[in-house]
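Each remark here refers to the structure printed beneath this line.
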Amino acid sequence: MSATESAAAVKYVTETPPEEIARVKEWINSEEYKEKNFARQALVINPAHGCQPLGAEMVAHGFEGSLPFTHGSQGCASYYRSTLNRHFREPAPAVSDSMTEDGAVFGGQNNLHEALENAVALYKPKMISIFTSCMPEVIGDDLTAFIKNAKQKGCVPEGLPVPYANTPSFNGSHVHGYDAMLLSILQTLTEGKQIEGRCTGKLNLIAGCDFNTGNYREYKRILEAFGIPCTVLGDISETFDSPCDGTYRMYAGGTKLEDAADSINGKATITLGPYATSKTFGWIKDNYSGKHASMPMPVGIEKTDAFLMKIAELFGKPVPASLKAERGRAVDAMTDAHQYIHGKKFAVYGDPDYLIAYVTFLLEMGAKPYHILCSKGSKKLEKEIQALLDASLYGKDCKIYMNKDLWHMRSLVVTDPVDAMIGDTHGKFAARDAGIPLFRFGFPIFDRVNLHRYPLVGYQGIINMITFICNKFIDIKDETCEDRFFEMMR
Amino acid sequence: MSATESAAAVKYVTETPPEEIARVKEWINSEEYKEKNFARQALVINPAHGCQPLGAEMVAHGFEGSLPFTHGSQGCASYYRSTLNRHFREPAPAVSDSMTEDGAVFGGQNNLHEALENAVALYKPKMISIFTSCMPEVIGDDLTAFIKNAKQKGCVPEGLPVPYANTPSFNGSHVHGYDAMLLSILQTLTEGKQIEGRCTGKLNLIAGCDFNTGNYREYKRILEAFGIPCTVLGDISETFDSPCDGTYRMYAGGTKLEDAADSINGKATITLGPYATSKTFGWIKDNYSGKHASMPMPVGIEKTDAFLMKIAELFGKPVPASLKAERGRAVDAMTDAHQYIHGKKFAVYGDPDYLIAYVTFLLEMGAKPYHILCSKGSKKLEKEIQALLDASLYGKDCKIYMNKDLWHMRSLVVTDPVDAMIGDTHGKFAARDAGIPLFRFGFPIFDRVNLHRYPLVGYQGIINMITFICNKFIDIKDETCEDRFFEMMR
Amino acid sequence: MSETPKKIEGITKESTQAMIDTALAAYPEKGRKKRAPHLAPNDPEGSSSCVKSNRKTVPGVMSARGCAYAGAKGVVWGPIRDMVHVSHGPVGCGWYSWGTRRNLMSGTNGVDQFGMQFTSDFQEKDIVYGGDKKLRTLLEEAHELFPLAKGISVLSECPVGLIGDDINSVAKVASKELDIPIIPCNCEGFRGVSQSLGHHISNDTIRDHIIGTREFAEPASPYDISLIGDYNIGGDVWSAKSLLEEIGLNVKSVWTGDGELEKIAATHTVKLNLIHCYRSMNYMCKVMEEKYGIPWLEFNFFGPTKIKESLRAIGARFDQTIQDKVEVAIAKYEPIMQAIIDEYKPRLEGKKVMLLVGGLRPRHTIGAYEDLGMECVGSGYEFAHNDDYERTMPEMPEATVIYDDPSEFEFEQFVHKLKPDLIGSGIKEKYVFQKMGIPFRQMHSWDYSGPYHGYQGFEVFARDIDMALNSPTWKLVKSPF
Amino acid sequence: MSETPKKIEGITKESTQAMIDTALAAYPEKGRKKRAPHLAPNDPEGSSSCVKSNRKTVPGVMSARGCAYAGAKGVVWGPIRDMVHVSHGPVGCGWYSWGTRRNLMSGTNGVDQFGMQFTSDFQEKDIVYGGDKKLRTLLEEAHELFPLAKGISVLSECPVGLIGDDINSVAKVASKELDIPIIPCNCEGFRGVSQSLGHHISNDTIRDHIIGTREFAEPASPYDISLIGDYNIGGDVWSAKSLLEEIGLNVKSVWTGDGELEKIAATHTVKLNLIHCYRSMNYMCKVMEEKYGIPWLEFNFFGPTKIKESLRAIGARFDQTIQDKVEVAIAKYEPIMQAIIDEYKPRLEGKKVMLLVGGLRPRHTIGAYEDLGMECVGSGYEFAHNDDYERTMPEMPEATVIYDDPSEFEFEQFVHKLKPDLIGSGIKEKYVFQKMGIPFRQMHSWDYSGPYHGYQGFEVFARDIDMALNSPTWKLVKSPF
């Protein structure tokens with residue numbers, strides 16, 4: 001009896017029966033499951049966004065000699081760095097002040113000060129850009145005071161700019177951290193630099209929380225074609241696309257600090273990432289000389305037109321013939337290729353500014369952005385996208401999902417199928433389960449090469465998107481069609 | 001008996017038994033079949049080249065206001081035009097003099113004269129570029145005399161250049177027609193234009209029989225970076241990549257006739273398609289002022305380096321920093337991506353200058369150009385490619401097949417497998433049978449969009465090739481791997 | 001045929017003639033004289049063709065036409081899938097026509113289907129010494145490497161005829177020795193004025209070498225028919241065939257889309273020949289009628305209106321069983337077609353189309369456009385004959401322009417004047433008009449889509465026409481700066 | 001362990017110390033003092049570790065280290081495939097560690113394998129009001145949506161510990177109600193000095209919540225073992241497991257690569273624990289030894305030399321049957337390995353490598369490089385302890401530099417001085433050194449390749465090392481202009 005009892009108490013290792021696995025496999029593709037999935041209140045599964053400090057670090061890399069500095073636990077810094085390493089396949093030199101348990105008790109001031117000293121000595125930055133991860137945010141470190149004290153103590157050389165931003169990870173996403181850090185950098189660098197009557201004659205351009213180096217280069221190329229001098233604020237294009245020539249440059253690029261400082265006297269300032277720069281741009285409007293314009297990413301013909309015309313208007317210069325010709329070539333590519341994408345349904349997800357870009361492009365091509373998902377969205381974003389949908393025949397039946405994640409997206413694409421997805425690498429599991437291609441236009445891209453080198457903005461960006469999308473659709477046709485439909489021409 | 005006899009005389013419709021089809025299906029993939037296939041003496045199956053007039057028409061489109069003119073049957077002209085239409089997805093306005101049977105009896109002079117009159121009246125060309133298809137070549141039309149007579153009769157306006165070339169289709173390929181027509185155009189336009197002591201200060205650049213408009217633009221961009229004025233001779237980049245803006249321009253681009261005429265007084269002339277310009281370049285060396293250089297297509301780092309250094313040398317200008325940075329970025333892309341292509345075997349085919357380019361690029365990446373096939377090659381080409389193979393660890397075991405066709409290639413890829421093919425659209429059947437991707441870097445490309453807009457030359461070209469190849473290999477891995485090998489990162 | 005002539009607002013005989021005259025004014029005297037008879041306002045009730053046709057193309061005018069070889073290789077022979085078709089002569093002709101017509105084929109490439117390029121790849125020495133010996137060798141090689149090929153066609157390119165090679169005797173000897181049909185076809189590109197002679201020469205060779213050489217193994221039925229002049233562009237044959245089978249007919253052979261040599265050879269035993277592309281194959285129908293007493297019927301499978309008319313006309317040639325099935329099929333498909341029309345017509349109503357194609361499409365597709373609420377304001381052919389124009393006139397609205405073998409110049413002029421919303425023509429025209437911002441569909445090749453034949457095809461057609469016309473890309477053509 | 005200390009030409013204790021001193025000279029006083037004990041020339045015969053380790057990272061120096069959460073989520077828990085692992089706290093930690101460690105897993109994603117990101121996605125209000133209630137809800141949701149999950153781990157991120165949430169009691173209650181193991185793991189990133197504490201905390205929770213809660217249903221065998229500290233990077237477990245099975249052992253559970261919760265829970269019944277990654281799991285081996293009397297053995301499956309040694313050492317723990325099988329396996333694989341060496345060694349002989357990795361690789365892989373004729377001129381760990389360095393010293397050549405948690409600055413300095421032909425380290429270092437034109441392999445993740453364990457792995461390793469070193473792309477780094 002006691003033997004039986006003890007035997008009963010033993011729990012054996014079980015194997016889930018194959019038919020049970022098969023059942024659940026089918027079930028997670030069902031409408032019923034989708035409903036349960038969408039009923040989630042607390043659990044987030046496969047979100048499509050990182051946390052604030054990541055965006056802060058990214059933009060901190062976009063200034064000359066700027067050393068990104070995480071005030072917080074060192075593990076955070078490693079995560080941000082490796083995310084940027086993987087996306088760009090480039091170095092992302094940044095430090096942290098390695099706060100540990102004692103920080104919870106004493107605060108992080110000692111770590112911060114010691115770290116500043118070491119970082120200055122070892123890495124000789126021209127600027128140290130500080131942002132916070134969770135720990136100091138939760139315990140309430142007073143960064144303003146800490147940094148003031150650091151200066152007084154001489155932890156940083158006289159005159160070394162030390163912008164800092166609170167970038168709590170439990171609020172917003174990397175996009176908001178970008179905004180906060182950029183704002184602080186600009187406030188720090190421009191402080192006292194506004195000169196009555198001075199005008200640099202330049203355009204200040206802010207790309208938004210954009211991880212595509214090709215886009216930055218494309219903006220510069222466009223401005224060069226106009227012959228308009230330009231300061232790209234937070235210019236990561238050289239930082240994250242530096243030459244491999246035998247020399248490692250720790251600070252490979254970035255906006256010159258002098259130019260950034262003088263940007264306050266600019267002739268005009270444009271942001272092309274309104275959702276990523278709401279704070280920064282609000283401050284700029286109140287403080288920068290010259291004119292200001294906030295515009296969506298110039299993706300697709302109409303938004304690129306608007307961007308160029310705005311520049312033309314601000315600088316009293318016509319759009320150069322070379323860009324007009326490029327426009328014509330982009331339209332040519334669109335008319336030539338429309339039949340490969342027209343009417344195709346897409347599921348798109350990503351950061352707000354990217355998302356608007358995808359929707360815009362697809363509608364211009366006559367494709368349907370059928371499932372539109374943002375894991376960190378807003379009513380404003382939803383309204384703006386809905387307006388785009390409403391203005392197009394191809395926006396009919398397309399639906400927006402705000403603050404949903406990629407596990408929701410999976411339910412969408414398996415129950416209400418589409419032809420392809422657009423987003424970042426994290427969507428690849430949903431795309432595989434749905435048996436459709438994923439076009440990696442977002443951030444991060446961990447599993448393809450060079451894609452961040454191809455601009456998606458401007459007229460050239462349109463050609464790139466068409467090339468990637470339409471040729472992939474043709475690839476699929478060629479690879480999957482019966483022999484009798486395998487043809488020379490497509 | 002007679003009924004039986006008559007019954008015996010009736011031949012019935014037969015169906016090939018499925019097992020017989022299965023047997024042959026297997027047989028054509030065998031070594032035995034390959035041997036038989038390579039023993040062919042007379043039959044050519046799926047060659048990888050067109051005929052001379054096609055190349056002649058292409059280069060004729062590359063001059064300002066130049067109307068390509070086929071002296072011969074009109075069907076020929078339709079074939080050339082539609083081939084160019086399909087590849088570029090662009091118009092290819094050209095005429096023929098519609099010779100018919102009576103031409104065989106009387107020769108084609110009347111057709112030629114009447115056609116010149118009509119073409120001038122309707123299409124108002126600045127130049128008419130005449131080349132021949134089979135018929136006049138076989139019957140021995142005397143073009144020189146015909147055109148002289150036409151001028152005397154006033155069929156063409158005074159001063160309208162009328163270059164002409166004999167481009168027999170039963171000799172060489174489109175590459176040779178390109179050479180012949182270009183030579184005649186240059187001879188015609190430069191006649192009497194050489195001025196003692198004059199130097200335009202410009203580089204004359206000949207791209208070779210290259211159907212990639214992106215390459216032409218890339219050359220011009222490179223020269224612009226150098227600040228060196230340049231005349232691209234036979235510049236099809238605008239002709240075959242013109243804007244879609246509501247206006248059809250029959251003559252959308254091309255080298256300005258004035259510039260072409262003055263090219264004889266150039267500071268230097270470079271051909272980047274030695275196999276496609278052997279006649280033209282031979283004549284240039286003897287007749288053009290300035291220095292002359294014949295170099296392989298600048299594909300891959302080393303050949304691009306050589307090209308830039310040659311320009312630097314010819315013009316006494318250093319390679320600009322921007323190009324040096326581009327070099328570093330291309331090398332960066334190579335080192336970052338080498339693991340996706342290193343050791344992979346390729347089957348490559350195409351025109352001589354392209355073929356050398358593919359082999360060069362693959363060897364630089366540590367890939368193996370394993371089957372190398374040219375359907376219109378030469379001993380010289382074979383030797384040059386062999387030298388490339390011999391100079392690299394990765395050239396070991398790679399084999400060259402001269403004057404073989406894509407049905408030979410099929411035997412190669414099904415009996416001795418490779419990972420991918422590089423060539424033009426015509427190889428898609430062999431690639432499908434081998435179950436491998438085909439990278440469409442050659443001409444013509446009938447079944448993908450925009451590829452002719454992406455340069456393969458220069459440092460940017462390297463990045464493009466890496467993007468197309470490596471990302472496709474990763475696509476394949478993602479699409480074909482077992483679930484347990486499906487990963488976030490690649 | 002339509003009962004009362006259709007009209008287009010704003011188009012009169014005078015306006016059209018004025019437009020033609022303006023275009024012609026650009027020509028030199030001689031050219032103008034030659035071209036004038038080929039252009040005219042339509043007279044739907046005219047008893048004879050309003051335009052001249054099947055004449056030599058005026059030299060130098062940029063015609064869309066091809067040659068006899070193109071008509072033989074691309075149109076008639078190429079689609080026969082179980083034969084090796086040798087482009088005999090230099091490399092180019094076969095290369096340019098390789099895979100560029102979209103005549104889809106069943107089977108396995110290189111095994112029992114030969115959609116490849118076979119050529120004798122003439123070199124200088126072949127011109128000088130003749131190519132007969134080479135031909136002989138290559139026929140053996142083809143037979144050895146492709147044992148399942150049911151036959152070989154030898155399609156001559158220009159030099160062959162000019163140097164006086166005798167492909168007929170080479171073919172004859174080889175045919176005997178290799179024991180397969182080897183068909184010599186003297187379709188040199190310089191012959192005739194267009195593709196059309198290539199069709200005819202090919203018809204002749206089918207007549208002389210193939211027809212009647214086989215019989216079907218299975219017993220004959222009163223419902224045995226053949227589908228003539230459907231080349232399976234984008235799968236048209238498969239759509240048409242399944243519909244014909246649905247109404248109870250046995251499609252014993254197809255000329256020549258996805259065609260099989262031996263079935264073509266046995267066509268003389270069918271009860272009715274149904275001809276779609278009248279231009280390229282009416283001659284063979286007439287031959288079979290004369291020689292074997294097989295009646296033939298023209299039909300039109302574009303758009304539900306014409307399909308219904310055609311199905312009933314076909315049914316009328318058979319007994320009540322078939323006629324009943326025809327009605328069943330019509331009843332089944334009409335609501336489906338109506339749904340398609342309901343979806344697309346609101347977006348296409350009143351839109352104008354201009355056509356310039358080959359074979360039958362400049363007239364046969366008009367009804368399909370009209371089913372979608374569109375109207376045709378100009379039509380013409382590359383290589384038509386008088387009888388084609390006679391058949392076109394009643395289909396086209398009154399006084400709309402008819403053009404025969406127009407030069408690109410004329411076509412452009414007419415387009416500028418008529419401002420169509422859509423042009424249906426070929427690849428050589430496509431990008432010209434797209435640059436102008438005018439929606440365009442390649443109507444030789446269904447623009448890499450298809451099928452367009454039959455009910456199944458109409459769905460694809462309607463979708464494609466809507467896509468072409470309503471693609472938002474067109475709105476972007478004009479730059480705001 | 002090697003018998004006589006290896007030497008590298010040109011490297012002496014003095015040269016290495018000079019190099020270290022030069023690097024340290026750049027530090028401010030305080031930093032220099034802290035860093036100095038972590039850098040030393042190797043003393044292969046030293047009795048105690050030559051470097052200090054497991055200390056706080058010096059602030060501001062750019063360390064490669066992660067945090068306790070990373071050690072818990074990325075290393076120990078993440079690879080258990082049939083559990084839902086909740087990153088409890090803000091969104092980032094789970095997002096960055098999602099799919100970035102290459103611990104491959106069997107099963108179907110979202111069905112019986114959960115390589116996904118589960119997070120409570122803390123918002124401001126969760127910080128203010130606490131996240132326990134949210135945790136409770138999400139546990140129910142996870143259980144409902146993933147019914148085949150065998151358990152749930154709750155991995156705390158920094159805020160959870162700081163705001164005083166009580167995940168332990170939430171887990172306890174929920175575990176009872178949902179009737180599945182729910183394991184709370186207080187692995188907040190601020191705890192300890194590196195990943196290492198995360199491993200330990202995780203080990204503790206396995207000890208407290210899992211081990212001993214199950215038994216294997218099938219009868220025990222004398223050959224039952226467990227594979228500990230293999231995380232199946234690039235498929236390592238699959239390679240190692242098949243080799244262990246080949247020598248007759250039953251691998252009853254794997255900790256934790258491609259791991260299964262219930263099998264881990266039953267590990268206390270095996271006869272031997274084989275441990276690969278000593279650092280992250282030696283504690284559990286000791287616990288099982290103490291509590292259940294299970295002996296454990298360290299082994300090394302990198303490169304044929306070490307594999308052979310290890311196989312024999314493993315065999316020695318069993319009877320002759322196993323020992324015979326070991327010899328059979330060695331005899332079978334050695335020629336294959338020799339062939340690999342013959343292919344690659346000529347291209348790799350004499351090449352120098354420097355390592356900076358985690359866990360076991362800075363020492364365990366040395367033999368594999370040596371099998372290929374290479375030598376190791378520097379090695380170090382991100383998060384090692386004394387016992388790791390003790391085990392490393394005999395493996396490394398005399399006087400070569402050993403670095404503990406080096407800053408990127410130090411690592412760069414050493415590289416400049418030592419000019420290695422290859423560096424094996426992580427993603428954060430990779431592109432730094434590639435810019436310098438130095439071949440590099442990511443040795444945490446096998447650079448998206450693998451497996452590297454076992455005989456099967458050596459082939460992949462050798463190919464990859466050859467590719468990295470001999471890629472022709474490196475020759476192109478230096479511009480000729």
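Residue numbers start from 1 in every chain, and the chains themselves are labelled A, B, ... in the order their sequence lines are given, proteins ahead of strands.
E188(D) places a side-chain N or O within 3.5 Å of a backbone atom of G161(D) that can act as its donor or acceptor partner. Looking only at distances, a side-chain donor or acceptor of S82(A) sits under 3.5 Å from a matching main-chain atom of Y79(A).
Of the listed residues (S407(D), G437(D), P90(D), G92(D)), the one with the most heavy-atom contacts under 4.5 Å to chain A is P90(D). The candidate with the highest count of non-hydrogen atom pairs below 4.5 Å against chain D, out of G172(A), P444(A), S78(A), is S78(A). Ranked by heavy-atom pairs shorter than 4.5 Å toward chain D, the options M135(A), E117(A), E15(A) are led by M135(A). When each of A92(A), A94(A), A119(A) is scored by its heavy-atom pairs under 4.5 Å with chain D, the top score falls to A94(A). Interface check for chain A: of the options T213(D), L145(D), T57(D), the most heavy-atom pairs under 4.5 Å are formed by L145(D). Between chain D and the residues C51(A), A252(A), S375(A), the largest count of heavy-atom pairs under 4.5 Å involves C51(A). No other option in D121(D), V86(D), T100(D) has as many heavy-atom pairs under 4.5 Å with chain A as T100(D). Counting heavy-atom pairs under 4.5 Å between each of Q434(D), K56(D), E410(D), K125(D) and chain A puts K56(D) at the top. For the options L261(D), T119(D), N109(D), T137(D), heavy-atom pairs under 4.5 Å to chain A are most numerous at T119(D). Of the listed residues (Y96(D), Y448(D), F190(D)), the one with the most heavy-atom contacts under 4.5 Å to chain A is Y96(D). Across N37(A), V95(A), N171(A), the residue that shares the most heavy-atom pairs under 4.5 angstrom with chain D is V95(A). With chain D as partner, the option from K36(A), R86(A), E137(A), H113(A) having the largest number of non-hydrogen pairs under 4.5 angstrom is R86(A).
F240(A) and F88(A) have parallel rings, their planes meeting at less than 30° on a 0 to 90° scale where 60° marks the start of perpendicular. Ring geometry, F443(A) versus W95(D): the interplanar angle falls from 30° to 60°, so the pair is classed tilted. Using bins of under 30°, 30° to 60° and over 60° for the plane-to-plane angle, the ring pair Y80(A)/F131(A) lands in the tilted bin. Ring pair F440(D)/F433(D) is parallel by interplanar angle, where below 30° counts as parallel and above 60° as perpendicular.
Of the two parts of P168(A), neither the backbone nor the side chain holds a non-hydrogen atom closer than 4.5 Å to a non-hydrogen atom of chain D. Only the side chain of K376(A) comes within less than 4.5 Å of a heavy atom of chain D; its backbone N, CA, C and O stay farther away. Only the backbone of A48(A) comes within less than 4.5 Å of a heavy atom of chain D; no side-chain atom from C-beta onward does. Residue I128(A): no heavy atom, backbone or side chain, is found under 4.5 Å from chain D. Looking at C158(D), only its side chain comes within 4.5 Å of chain A, counting heavy atoms on both sides. If you measure heavy-atom distances from I21(A) to chain D, the contacts under 4.5 Å come from both the backbone and the side chain. If you measure heavy-atom distances from K252(D) to chain A, you find no contacts under 4.5 Å at all. E20(A) touches chain D through backbone and side chain together, each having a heavy atom under 4.5 Å away. If you measure heavy-atom distances from S242(A) to chain D, the contacts under 4.5 Å come from both the backbone and the side chain. Of the two parts of I139(A), only the side chain, counted from C-beta on, holds a non-hydrogen atom closer than 4.5 Å to a non-hydrogen atom of chain D. Proximity to chain D (any heavy atom under 4.5 Å) is restricted, for T83(A), to the side chain, taken from C-beta onward. Neither the backbone nor the side chain of A265(D) has a heavy atom closer than 4.5 Å to any heavy atom of chain A. There is no contact between P53(A) and chain D, counting heavy-atom distances below 4.5 Å. Heavy-atom distances place the side chain of Y123(A), and not its backbone, under 4.5 Å from chain D. Only the side chain of K150(D) comes within contact range of chain A, with heavy atoms under 4.5 Å apart. Only the side chain of K30(D) comes within contact range of chain A, judged by heavy atoms closer than 4.5 Å. Looking at V193(D), only its backbone comes within 4.5 Å of chain A, counting heavy atoms on both sides. For a residue to count as touching a neighbouring chain, one of its non-hydrogen atoms must lie under 4.5 Å from one of that chain's; by this rule D102(A) touches chain D with the side chain only.
Between the side chains of E262(D) and T14(A), at least one donor N or O lies within less than 3.5 Å of an accepting N or O. The closest side-chain donor-acceptor pair between S194(D) and S196(D), if any, does not fall under 3.5 angstrom. For E215(D) and T269(D), the side-chain atoms include no donor-acceptor pair closer than 3.5 Å. Donor-acceptor pairing under 3.5 Å is lacking for the side chains of R89(A) and H452(A). A donor atom on one side chain and an acceptor atom on the other are not found under 3.5 Å apart for S479(D) and D245(A). Checked by atom type, the side-chain pair H61(A)/E57(A) shows a donor-acceptor distance below 3.5 Å.
Look at R23(A) and E19(A) and you find no salt bridge, because none of the NZ, NE, NH1 or NH2 atoms lies under 4.0 Å from a carboxylate O. One finds no salt bridge joining E157(D) and K73(D) here, because no Lys/Arg side-chain nitrogen approaches an Asp/Glu carboxylate oxygen to under 4.0 Å. Using a 4.0 Å cut-off between charged nitrogen and carboxylate oxygen, E141(D) and K134(D) do not count as a salt-bridge pair. Using a 4.0 Å cut-off between charged nitrogen and carboxylate oxygen, R214(D) and E260(D) do not count as a salt-bridge pair.
How far CD of Q52(A) is from OG of S173(A): 7.5 Å, rounded to the nearest 0.5 Å.
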